[in-house]
Amino acid sequence: MPAGVYLLSHAVGCRPRHLPELEAFLQAWQSQPAGWDAWLALLEDFCDAIATLLHAAAATDVCPQTNVSAAVSKIVGALPQRRGRYVLLASELDFPSVIYVLRQAERLGYTLKLLPADGTGTSLATWTEHLTDNVQLALVTHGFYGTGALSDVAAITAQARRRGVTTVVDVAQSAGLVPIDVAAWDADFVVGSCVKWLCGGPGAGFLWANPAHVAQYEPMDVGWFSHADPFAFDARNFRYVGNARRFWGGTPSVLPFAGAIAGLRCIQELGVAAIRAHSQQLTGQLLTAAAQHGWSSPTPTAAAERGGTVVLQTAQPARLLQHLRIGDIIADARQGFGVRLSPHIYNSSADIAHTIDCLATAPGLL
Ligand SMILES: Cc1ncc(COP(=O)(O)O)c(C=O)c1O
């Protein structure tokens, strides 16, 4: 653990002490330079761990990706042409990188419509109003990076399914923190990464594709690992593999996934339900103090409606962060939202009590 009170898990989760798969990767590289058997087995273990985390039916419903933006980009390039459906929907509270991807899709003839924030997120009522017959795709963020609110994903995806809209759920701020059951959501795609709450480091993203619907999506961005038989080496015939792996591409990256498995195993052993309960207790402790001191926060007070981040509004984020740093508290701030504080399983109630004491001695900053 870094020294001090680490409250940055919304950005980068802490590194597990032991990384045996990373060592195995390096070992295979040294002992058998074309160590693909071991490396592909490792990638299979990664997909298996993500499938378990998401309650997916099979590891083949999961495809490794570099990050969330790359996954969304590939999905946009895979959408079937459907007459009259030219609108892409997202929330103005989504992570900007994902919005950048959807904005680029306007070059393909789509129109991006950003739904307004109403309260701490974009509500089901707003989604329902906009999920109309001209919508091709809806990007639904489970946990918002700037407010700490959770979306009611199941209700939104159910509406979208009824209206024939493809759904992509971004779980970057919830995977490893909030229990996820992809079967209950019935989305078309779920995309995330391991760098935050899954404590897996950067570069190990993932895409889950609904096996009941994946066949209609044909990514532009492919490679031999998207092929039904990568080792056919038949340059004249490309056939998509019939599952999420069609979103894979060329020779797979292995290193980030080798690094990510240890974090996934830790999270699995601890149990996402236990992590969620601990997180709700600590974020509740922060929000109770905020109410007592009159600090303003956009984060929902109802535990079920928030993820793992408590945001405190301040006109002087840089000064507040500096004040926290002197108290050995590591946090960050986001433009337009405030200072973000994200306790994880490795934080204690005493950490939060210390953070509250420190915030209480920051006169005029909150
Ligand atoms: C909700 C959400 N989505 C996505 C990302 C990151 O996207 P990418 O993996 O493309 O960098 C973040 C990062 O903070 C996020 O908070």
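Remember, it's 1-based here, ligands and their atoms both numbered in the order they're listed.
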Got a sec: does the CZ of Arg163 have more than 12 other heavy atoms crowding it under 6.0 Å?
yes
Can you check whether Tyr145 and Phe95 have ring centres sitting under 6.0 Å from each other?
yes
Taking atom types as modelled and ignoring hydrogens, do the side chains of Thr283 and Arg306 form a donor-acceptor contact shorter than 3.5 angstrom?
yes
Going by distance only, is there an N or O of Ser193 that falls short of 3.5 Å from an N or O of ligand 1?
no
Under 6.0 Å between the ring centres of Phe257 and Trp39?
no
Heavy atom of the protein closest to atom 5 (C) of ligand 1 (residue, atom name, distance):
Phe95 CD2, 3.3 Å
At what distance is the nearest protein heavy atom to atom 4 (C) of ligand 1, and which residue and atom is it?
Asp170 OD2, 3.4 Å
What protein heavy atom is closest to atom 9 (O) of ligand 1, reported as residue, atom name and distance in Å?
Val68 N, 2.9 Å
Ligand 1 contact on Ala172 by region, counting heavy-atom pairs under 4.0 Å
side chain
Please confirm whether Gln173 comes within less than 3.5 Å of ligand 1 when only nitrogen or oxygen atoms on both sides are compared.
yes
closest protein heavy atom to atom 14 (O) of ligand 1 is Lys196 NZ, 2.7 Å
is_close_aromatic(Phe238, His227), centroid dist under 6.0 Å
yes
